[in-house]
Number of protein chains: 2
Amino acid sequence: MASVDRTLVADLPLFAGLAPEQLDELLREAQSVRYPKGMTVFQQDAEAHSFFVLLHGHLRVYKLTPDGQQVVVRFVSAGEVFGVAMAIGRTTYPATAVAVVDSIALVWPSVAWPRLIAKHPTLAVNTLQTVGSRLQDAHARVVEMSTEQVERRIAHALLRLAQQSGRKVEAGVEIDFPISRQDVAEMTGTTLHTVSRVLSAWEDRGFVAGGRQKITILEPHRLFVLAEGGLP
Amino acid sequence: MASVDRTLVADLPLFAGLAPEQLDELLREAQSVRYPKGMTVFQQDAEAHSFFVLLHGHLRVYKLTPDGQQVVVRFVSAGEVFGVAMAIGRTTYPATAVAVVDSIALVWPSVAWPRLIAKHPTLAVNTLQTVGSRLQDAHARVVEMSTEQVERRIAHALLRLAQQSGRKVEAGVEIDFPISRQDVAEMTGTTLHTVSRVLSAWEDRGFVAGGRQKITILEPHRLFVLAEGGLP
DNA sequence: CGGGAAATTGAGTCGGTTCAAAAACGGTGG
DNA sequence: CCACCGTTTTTGAACCGACTCAATTTCCCG
C-alpha cells in the first residue's frame with residue numbers, strides 16, 4: 001500500500017500549520033481505502049475504530065431513529081475530516097456514513113488519535129474549528145426548522161448543498177452527486193411528496209431544473225430571496 | 001480584584017488534566033465578573049472580545065432571526081465554558097447570552113486564547129469535547145424536530161432540562177431557574193399556546209406540576225415513556 | 001392594591017401530511 | 001435494440017395537528 005502524496009492533502013484545513021515532515025509522518029500511519037458506491041463506511045452505534053479524511057467522492061451521513069426513520073445529518077465532500085467520534089469523547093459512531101458515489105478515504109485507527117494530538121496539538125485546534133463550524137450548521141438548521149415553513153427550509157437546504165457540493169454548469173449550479181427527493185426531505189424534516197411538489201413549482205417558475213436524482217439551480221439569487229423570506 | 005480559588009474550579013471539565021500551577025497561571029489572567037439577572041453577557045454578531053466559564057447562576061442563550069423571532073440555543077449552567085467563538089473560528093458571537101438569575105463568570109480576553117492553547121494544548125482538547133457534545137445535542141434536536149410531533153419534543157426538552165439543570169425536591173425534579181412556557185416553545189419550535197396546553201394536560205395526568213416560570217417533573221419515567229413514543 | 005407579565009383556554013383555519021395511484025426514468029438482459 | 005422491471009417522481013384528494021386569533025384569568029412585584 002503506497003504512501004499518499006503529501007501535495008494531495010497539504011492544503012486541507014485539518015493539516016493547516018503542520019510542517020511537511022510532520023504531515024509525512026501522519027500520512028505514513030494512514031491507510032488509503034476505496035469505498036464503492038453504496039458501501040457503508042461506518043455504522044451508527046458501532047465501535048469507533050477509525051477516523052477519516054475523504055480524498056475523493058461523497059458520503060451521505062444519516063441517523064436512524066428507533067422507529068426506523070432516517071434523518072440526513074450532512075453530505076461529506078472531498079477534503080473533509082469525518083468519523084472523529086473519539087475526538088469528541090465518544091467510543092461509538094453517532095451516525096451511519098454511506099458512499100453515494102465511488103469514494104476514497106484516508107483512514108487512521110482511533111487509538112492513534114490521543115498520541116497524534118499529543119504530538120501535533122495543531123490537529124486538535126484544527127479539528128475544533130471543523131467541529132465548531134458543524135455546530136453552527138446544526139444550529140442554523142435548528143433555527144430554520146423552528147421558524148421557517150417548508151418551502152423556505154428546502155430553499156436553504158438546496159443553497160447549502162450548492163455551496164458545499166455545487167458544480168458550475170452552463171445552465172447554473174448542479175449538485176454534483178446523486179440526490180433524491182427523499183434525501184432532501186430527510187434533510188429538511190418533511191416528506192418526499194412535499195419536496196416533489198415544491199421542486200415542481202420551482203421548475204415551473206424556472207428557478208431550478210430537476211431530473212432523476214439530480215437538481216440544478218438555475219436562479220441562485222431568486223432562490224436566495226425566497227429562502228430569506230422574499231414574497232412567494 | 002482577588003484571584004479565584006483554584007479549588008473552586010479544579011474539577012471543571014475544561015481544566016481536566018492541568019497541573020495546579022498551570023491552573024493558577026490561567027486563573028491569574030481571568031477576571032471574575034458579576035451579571036445581575038436580566039443583564040446581557042454578550043450579544044449576537046458583536047465582536048467576540050471574551051470567552052467565559054460560568055461560576056454561578058444560569059444563562060439563556062438564544063438566536064434572533066432577521067424577522068425578530070427568538071430560538072433558544074441552550075441554557076448554560078455553572079461550570080460550563082461558553083462564548084468560545086474564537087476557538088471555533090469566529091470573530092463574532094453567534095448568539096446572545098442573558099443572565100436568567102444573578103450570575104458570576106470567569107472572563108478571559110479572546111486574544112489570549114491562541115497563546116493559552118499553545119501553552120496548554122489540553123485546553124483545546126477539552127474544549128473539543130465540550131463542543132463535540134454540544135454538536136451531538138444539536139443533532140439530537142434536529143432529529144427530534146424532523147421526526148417527532150410537538151408533545152414528544154416538549155417531553156424531550158423537559159427531560160434534557162431536568163438532566164442539565166434539575167434540582168431534586170420532595171415531589172420530584174424541578175428546573176432550578178425561572179423558565180416560561182415561551183422559553184420552552186422557543187426550545188422546541190412551537191408556540192407558547194401549545195406548550196401551555198400540553199403542560200396543562202400533563203398536569204391533569206400528574207406527570208408534572210406547573211407554576212409561574214416554574215416546572216417540576218413529578219413522574220420522570222412516565223415522561224420518558226411518552227418522549228420515546230409510548231402510547232399517549 | 002394596582003399594573004403588567006405570564007398562563008390558560010376556546011374556536012376557526014390551514015400547511016403539510018397521509019393515503020392512493022399513476023407516470024417517468026434508467027438500467028438490464030434477452 | 002427493444003421490452004421489462006424496480007426505483008424514483010409526480011400529482012390528486014382527504015384529513016388533521018398545530019398555529020393563529022381572541023379573550024380571560026392568574027399570579028407576582030412594586
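A, B, ... follow the sequence lines: proteins, then strands. Residue 1 opens every chain.
Rounded to whole Å, atom C1' of dG17(D) lies 16 Å from atom NE2 of H193(B). Rounding to whole angstrom units, CD1 of residue I215(A) and P of dT9(D) are separated by 8 Å. Between the C1' atom of dT11(D) and the CH2 atom of W202(A) lies a distance of 18 Å, rounded to the nearest Å. Regarding I154(B), its CD1 atom lies at a distance of 14 Å from the C1' atom of dA7(C), rounded to whole Å. Counting to the nearest Å, the P atom of dT9(D) and the CD atom of E186(A) are 12 Å from each other. Across the protein-nucleic acid pair, Q182(B) atom CD and dC27(D) atom C1' stand 18 Å apart, rounded to whole Å. At whole-Å resolution of the value, CZ in R152(A) and P in dG15(C) are 15 Å apart. E203(B) places its CD atom 14 Å from the P atom of dT26(D), with the value rounded to the nearest Å.
Salt bridge absent: R74(B) and D137(B) never bring a charged side-chain N and a carboxylate O closer than 4.0 Å.
Out of dG17(D), dT20(D), dT8(C), the shortest distance to the side chain of T191(B) is found at dT20(D). Checked against dT10(D), dC19(D), dT8(C), the side chain of R181(B) finds its nearest nucleotide in dT8(C). Side-chain proximity of S196(B) to dG16(C), dT9(C), dA6(C): nearest is dT9(C).
W202(B) and E151(B) share a donor-acceptor pair across their side chains, judged by distance under 3.5 Å alone.
Using a 4.5 Å cut-off on side-chain heavy atoms (C-beta onward), F82(A) and V41(A) make contact.
Each of R212(A) and R197(A) was assigned the nucleotide of DNA chain C with the nearest heavy atom; the assignment lying further toward the 5' end belongs to R197(A). Of the two residues contacting DNA chain D, namely G189(B) and I179(A), the nearest-nucleotide position lying further toward the 5' end is that of I179(A).
Neither OP1 nor OP2 of dA18(D) sits under 4.0 Å from any side-chain N or O of T194(B).
Using a 4.0 Å heavy-atom cutoff across all strands shown, S200(B) reaches sugar-phosphate atoms only and no base atom. Residue L192(A) is in base contact, counting any heavy-atom pair closer than 4.0 Å across all strands shown.
A97(A) and V61(A) make their closest contact through CB-CG2, 4.2 Å (heavy atoms, listed as atom of the first residue, atom of the second, distance). Scanning all heavy atoms of the two residues, the minimum distance from A162(B) to V173(B) falls at CB-CG1, 4.2 Å.
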